[in-house]
Amino acid sequence: MKMKSSNLQPKGFTLVEMLVVITIIVILAGLSIGGFSIVTQKKANSQAKIQIALLSKALEEYKLDNGEYPAGSAGSNDLYKALYYNGASVTPPEKIYVSQLDPDNNELGWTEGTEANAKIVDPWGKEYIYRRGDHENAKNPDFDLLSVGKDGLTSGNASDPTTADDIDNF
C-alpha cells in the first residue's frame, strides 16, 4: 500500500493567516474611525459658525428695533431672553428673533434649560459667551459672541493654545 503524504494537510486557516486578516481589519477600522472624528469636528465647527452668524444677524435686527444691543456681560442667558424668551413669554407673543431658541422644540440643540433660565449652547454643549461692546473685556465695539470650542477653554489671548479652537464674531 502506498500512502499519499502530500495531500494529507488539514483544511482551514493557519494562526498566522488569521492574525494577518485581523490586523488588516483593525487598521481599516482605525482609519475609518479617525476619519469620522475629523468629519464630526468639522461639522461642529461649521455649525458653530452658522449659529454665530444667525445670532449676530438677530442681534443687528434687535438693535434696529430697540436702539441698542441687549445687555449682557458674560453668559448667554441675557442673549436668550432678548432674542427669544421676552418675545415668547407675553400674550400675545411679541417679536421672536431666533425661533430655533425655543426650549420646548429644541431639535437642533441650541438651548439648554427651560423658560427664563435657558441658555444658548454651542455644538459641544458649552454656553456661548456674549458681551455688549461697552463691556470692559469686549473686543468688538458692537458685541462679542464666542464659542469656546471643543476644549471648553479660552484665555482671550490669541497666542494661548486654549484659544485655538475658539469660534467668534470678531
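It should be emphasised that the depicted structure is a prediction, and the values quoted were computed from it without experimental measurement.
When all heavy atoms are compared, the tightest approach of Ala44 to Trp124 is CB-CZ2, 3.5 Å.
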Q: Evaluate the side-chain contact (heavy atoms from CB on, under 4.5 Å) criterion for residues Leu101 and Tyr80: first the C-alpha distance (whole Å), next the side-chain angles of each, then the deciding distance (0.1 Å), finally the verdict.
A: CA-CA 7 Å; Leu101 298 179; Tyr80 168 77; 4.1 Å; yes

Q: Given side-chain hydrogen bond (donor to acceptor under 3.5 Å, both in side chains), test Tyr84 with Gln100 step by step and report yes or no.
A: CA-CA 9 Å; Tyr84 181 81; Gln100 291 90 341; over 6 Å; no

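Between atom OH of residue Tyr97 and atom CD of residue Glu94 there is a gap of 9.0 Å, rounded to the nearest 0.5 Å. Residue Lys119 holds its NZ atom at 13.0 Å from CG of Asp78, rounded to the nearest 0.5 Å. To the nearest 0.5 angstrom, Gln47 atom CD is 5.0 Å from Gln51 atom CD. With values rounded to the nearest 0.5 angstrom, Asp166 atom CG is found 7.0 Å from Ser147 atom OG. With values rounded to the nearest 0.5 angstrom, Asp168 atom CG is found 10.0 Å from Ile129 atom CD1. The OG atom of Ser37 sits 11.0 Å away from atom NZ of Lys42, with the distance rounded to the nearest 0.5 Å.
With hydrogens and angles left out, the side-chain atoms of Asn77 and Tyr85 include no donor and acceptor closer than 3.5 Å.
When side chains are defined from C-beta on, Leu79 counts as touching Leu59, because their heavy atoms get closer than 4.5 Å. Counting heavy atoms from C-beta on, the side chains of Leu55 and Ile120 come closer than 4.5 Å. Taking 4.5 Å as the limit, some side-chain heavy atom of Leu54 sits within range of a side-chain heavy atom of Trp110. Contact annotation: the side chain of Ser56 approaches that of Phe143 to within less than 4.5 Å [non-hydrogen atoms, C-beta and beyond]. Looking at heavy atoms from C-beta onward, Lys95 lies in side-chain contact with Asp65 at the 4.5 angstrom threshold. Annotation: side chain of Pro123 is not in contact with side chain of Lys43 (no heavy-atom distance under 4.5 Å). The side-chain heavy atoms of Ile25 and Leu28, taken from C-beta on, include no pair separated by under 4.5 Å. Side-chain atoms of Tyr69 and Lys63, non-hydrogen and from C-beta on, do get closer than 4.5 Å to each other.
Side-chain atoms of Gln41 do not come within 3.5 Å of backbone N or O of Ile38 as any donor-acceptor pair. A donor-acceptor pair is defined here as one N or O able to donate and one able to accept, closer than 3.5 Å; such a pair exists between the side chain of Asp165 and the backbone of Asp151. When atom types are taken as modelled, the side chain of Asn169 and the backbone of Leu145 share a donor-acceptor pair closer than 3.5 angstrom. A distance-only check finds a donor-acceptor pair linking the side chain of Asp144 to the backbone of Lys139 [under 3.5 Å]. With hydrogens and angles disregarded, a donor-acceptor distance shorter than 3.5 Å links the side chain of Asn66 to the backbone of Tyr62. Judged purely by atom type and a 3.5 angstrom limit, Glu112 has no side-chain atom pairing as donor or acceptor with the backbone of Val121.
By the rule that hydrophobic residues join a cluster once side-chain heavy atoms approach within less than 4.5 Å of another member, Ile52 and Ile50 end up as members of one cluster.
Within a 6.0 Å sphere centred on NZ of Lys49, other residues, nucleotides and ligands contribute 12 heavy atoms or fewer.
With sequence neighbours left out, the salt bridge (Lys or Arg N to Asp or Glu O under 4.0 Å) criterion links Glu68 to Arg132.
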